[in-house]
*Asks:* 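Below: one structure in structure tokens.
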Number of protein chains: 2
Amino acid sequence: MAEKPIILVAFGGNALIQSGQEGTAEEQFENLKLTMRQMAKLSQEYKIVITHGNGPQVGNLLLQQESCDEVPKMPLEIIGAMTQGQIGYMIESSLDTAFMEIKESVDQHFVTLITYVVVDENDPGFQNPTKPIGPFYTEEQAKGLPYRLTKTDKGLRRVVASPKPVAIVERREIKKLIEMDFIVICCGGGGIPVIRKNRKFRGVEAVIDKDLASSILAQEIKADIFVIASDVKGAAINWGQSDQKMLRRTPLAEMEKYVKEGQFPAGSMGPKVEAVMQFAKATGNRGVICQLDDIEKAITGEAGTEITD
Amino acid sequence: MAEKPIILVAFGGNALIQSGQEGTAEEQFENLKLTMRQMAKLSQEYKIVITHGNGPQVGNLLLQQESCDEVPKMPLEIIGAMTQGQIGYMIESSLDTAFMEIKESVDQHFVTLITYVVVDENDPGFQNPTKPIGPFYTEEQAKGLPYRLTKTDKGLRRVVASPKPVAIVERREIKKLIEMDFIVICCGGGGIPVIRKNRKFRGVEAVIDKDLASSILAQEIKADIFVIASDVKGAAINWGQSDQKMLRRTPLAEMEKYVKEGQFPAGSMGPKVEAVMQFAKATGNRGVICQLDDIEKAITGEAGTEITD
């Protein structure tokens, strides 16, 4: 039997907490249902790797720890590690349920790996932190906070660096697990950012873009298809204008032109497009940006923005 | 080359947070140093599996979530999953540092697995919860709390069931990873308790004893040595009396006699002794209870209480 092709699916935060929701455990499990059913079906034909965001979950934990003076506060990389455990468990248990719906006995194995990602201490991101995280503060609340803050519409907010991912530390472990036909859940929230230098190891207070980290991983494991699934149908040009146009199958060269024109905003579609382009360039394989409901269709080429080399 | 023997080491909570400490990230990393240096050295001769407790970390997260009404509260099994991520990351990064101290390049791989453990919904533990967890409450604070509470010296405290572990769900994944010579960190806090029945899967609000869960895992992976390392030198008989005697190498039959005499208290030494006895009985291999500083000595037979079949 030929080896199954590998797909890496990177889930946006809305796979667990949708816009306007508080993020109760029930909501998160409910939201995962449809997506995990698709994953269970796809696993019949594909080897699957799942990565995911963690923004709302990190925000909630930060808010909780700031509300409580009795307990020592944990640095951001440890909060990130916590959300990898939390979301990994929620995805695994939802997958388990999805498999039980379609199969007599669950013979598919899956595993959640705590993942860390090496970043460069000279990354320009550390000089100029831009990534807002966690709760909003009033001027009064913000006094004395040990964070760098930025002004937003809703108040002051902490900003941290978002350095580029350099390497996924657990890449060999992940490859081995894929070879063994396990569904691997990893690289949650873009991975825990660490610096390794002069035989020293340390976690850093930063957030890695999960789409860029997923792209690096997709390249490392030589994924056949790399899917970024969130709440948007795909990338569009002339966004919000009368000639707005959703992109479907688009060659890399054409996409590069749109990027130069500034078609994709930095905070949202920009990193998704960049992640998929890097992947397509490095591997020559298919990369797709699609909506969560459309993952199966995106894989058969019927939905989403596909960037091809 | 002959295969390396396998050791499973189950760390007590004090490997990370010592009695009297608040549990800052710095304290936890500092406490892990000595233990992880021992693990790095032992890995030259042994395949290593690490399990660990999570009591103080769960307590801190529960306290934080109760201090904050803005964020939905997570059920206990999700808090457990968070601590698996947190502690797994702390152990991995401490191991990484320990390896860099002794080796030019770190060629040892290690991996943290989110682990869940099946329990029996008819376990008598669910009828009569006995395991106290989380913060202490005054009578006033306790009003309206949706928990079952118990009276303690320091106030009221939540109690949950502590059902017996039946099977480690990820046992096959863990075995594969050991075969591949990875150091595996798993089964944190005794594992996330789940019930699988009639093709349904659900997490439960309970806490599994980490020594008993580790024993099941040690049996599954056919560990050559099972070590329970905490803040006590070993098991003693006639505890606190003039003829108190620390047990060293002790045959199973003799140990069974002491258990019947009620020599080991239910909350602390009891489960450790039971865990090691179950292991020795099932495998005929060596099981040792020792102090964290003494792991290397315990393995060479120079420290701890060793129970032999």
Side-chain angles (χ1 to χ4, degrees), chain A residues 22-25 27 59-61 63-75 77-90 92-93 96-97 100-101 104-106 109-114 116 135 169-170 172-173 176-177 180 182 185 188 192 194 196 199-203, chain B residues 22-25 27 59-61 63-75 77-90 92-93 96-97 100-101 104-106 109-114 116 135 169-170 172-173 176-177 180 182 185 188 192 194 196 199-203:
Chain A
E22 270 196 296
T24 63
E27 283 168 346
N60 282 352
L61 283 170
L63 201 56
Q64 286 178 338
Q65 77 170 14
E66 290 186 5
S67 309
C68 179
D69 288 329
E70 293 163 81
V71 170
K73 295 179 189 6
M74 290 293 132
E77 78 266 19
I78 291 181
I79 302 274
M82 287 179 189
T83 65
Q84 288 189 351
Q86 168 188 5
I87 301 171
Y89 165 69
M90 290 180 129
E92 268 196 60
S93 52
D96 204 319
T97 305
M100 284 193 273
E101 285 173 3
E104 267 306 309
S105 70
V106 183
H109 301 319
F110 24 85
V111 64
T112 301
L113 244 72
I114 300 304
Y116 32 91
V169 176
E170 289 81 1
R172 287 160 294 211
E173 288 81 346
K176 281 281 179 192
L177 292 163
M180 295 189 298
F182 290 172
I185 301 148
I192 304 163
V194 301
R196 274 174 100 168
R199 304 177 64 192
K200 283 224 165 11
F201 176 103
R202 65 184 166 94
Chain B
E22 269 195 296
T24 63
E27 282 169 347
N60 282 352
L61 283 169
L63 202 56
Q64 286 180 337
Q65 78 169 13
E66 289 185 7
S67 309
C68 179
D69 288 329
E70 294 164 80
V71 170
K73 294 178 190 8
M74 291 293 132
E77 78 266 19
I78 291 181
I79 302 273
M82 287 179 189
T83 64
Q84 288 189 350
Q86 169 188 4
I87 300 171
Y89 164 69
M90 290 180 130
E92 270 197 59
S93 52
D96 204 321
T97 305
M100 283 192 275
E101 285 173 3
E104 267 306 308
S105 69
V106 183
H109 301 320
F110 25 84
V111 63
T112 301
L113 245 72
I114 300 304
Y116 33 90
V169 175
E170 289 80 2
R172 286 159 295 210
E173 288 81 346
K176 282 282 179 192
L177 291 163
M180 295 189 299
F182 291 173
I185 301 148
I192 304 164
V194 302
R196 276 174 100 168
R199 303 178 63 193
K200 284 223 166 13
F201 175 103
R202 65 184 166 93

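Residue numbering restarts at 1 for every chain, and letters A, B, ... go by the order of the sequence lines. All heavy atoms count here, side chains included; hydrogens, waters and symmetry mates do not.
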*Asks:* Enter the distance from B/M90:CE to A/I114:CD1 here, rounded to the nearest 0.5 Å.
*Replies:*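 Going from the CE atom of B/M90 to the CD1 atom of A/I114 covers 13.0 Å.
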
*Asks:* What part of B/L61 is in contact with chain A, defined as an atom under 4.5 angstrom from a non-hydrogen atom: side chain, backbone, both or neither?
*Replies:*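 Looking at B/L61, just its side chain touches chain A.
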
*Asks:* Do the side chains of B/T112 and A/Q84 get nearer than 4.5 Å, heavy atoms only?
*Replies:*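 No - every pair of side-chain heavy atoms lies 4.5 Å or more apart.
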
*Asks:* Taking side chain as C-beta onward, heavy atoms only, is A/V169 less than 4.5 Å from B/E92?
*Replies:* no

*Asks:* Counting C-beta onward and ignoring hydrogens, is there a side-chain heavy-atom pair between A/K176 and B/H109 closer than 4.5 Å?
*Replies:*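 Contact flag for A/K176/B/H109 side chains = no.
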
*Asks:* Output all residues satisfying side chain to side chain donor-acceptor pair (under 3.5 Å) with A/E66, sequence neighbours left out; order by chain, then residue number.
*Replies:* A/Y137, A/Y147

*Asks:* CG of B/L63 to CD of A/Q65: how many Å apart, nearest 0.5 Å?
*Replies:*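 Result: 12.5 Å between the selected atoms.
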
*Asks:* Measuring from atom CE of A/M82 to atom CD of B/Q86, what distance do you get when rounded to the nearest 0.5 angstrom?
*Replies:* 3.5 Å

*Asks:* Examine whether an atom of B/V194 lies under 4.5 Å from a heavy atom of chain A, and if so say whether it belongs to the side chain, the backbone or both; otherwise answer neither.
*Replies:* side chain

*Asks:* Please look at B/L113 and chain A and tell me whether the side chain, the backbone, both or neither of the residue comes under 4.5 angstrom of a heavy atom of that chain.
*Replies:*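 Answer is both: backbone and side chain atoms of B/L113 are under 4.5 Å from chain A.
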
*Asks:* I'd like to know which of B/G80, B/G203, B/G88, B/S67 tops the heavy-atom pair count under 4.5 Å against chain A.
*Replies:*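 Among the listed options, the one with the most contacts to chain A is B/S67.
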
*Asks:* Which region of B/E70, side chain (C-beta onward) or backbone (N, CA, C, O), has a non-hydrogen atom less than 4.5 Å from a non-hydrogen atom of chain A, or is it both or neither?
*Replies:*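 Both parts, heavy atoms under 4.5 Å.
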
*Asks:* For A/E27, is it the side chain, the backbone, both, or neither that has a heavy atom closer than 4.5 Å to a heavy atom of chain B?
*Replies:* neither

*Asks:* Please enumerate all residues that pass ring-ring contact (aromatic ring centres under 6.0 Å, His included) together with A/Y89, with sequence neighbours excluded.
*Replies:*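 A/Y89: ring-ring contact (aromatic ring centres under 6.0 Å, His included) contacts with B/Y116.
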
*Asks:* Give the member of A/E77, A/R202, A/E101 that has the highest number of heavy-atom pairs under 4.5 Å with chain B.
*Replies:* A/E77

*Asks:* Using a cut-off of under 4.5 Å on heavy-atom pairs, state which of A/K73, A/Q64, A/E170 scores highest against chain B.
*Replies:*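 It is A/Q64.
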
*Asks:* What part of B/L177 lies closer than 4.5 angstrom to a heavy atom of chain A: side chain, backbone, both or neither?
*Replies:*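 It is the side chain, since no backbone atom gets that close.
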
*Asks:* Among B/G188, B/A25, B/A81, B/G59, which residue forms the greatest number of heavy-atom pairs with chain A at distances under 4.5 Å?
*Replies:* B/A81

*Asks:* Hey, does A/N60 have a side-chain heavy atom less than 4.5 Å from the side chain of B/M74?
*Replies:*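 No, their side chains stay 4.5 Å or more apart.
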
*Asks:* Out of curiosity, A/M180 CE to B/E173 CD, how far, rounded to the nearest 0.5 Å?
*Replies:*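 One gets 8.0 Å once the value is rounded to the nearest 0.5 Å.
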
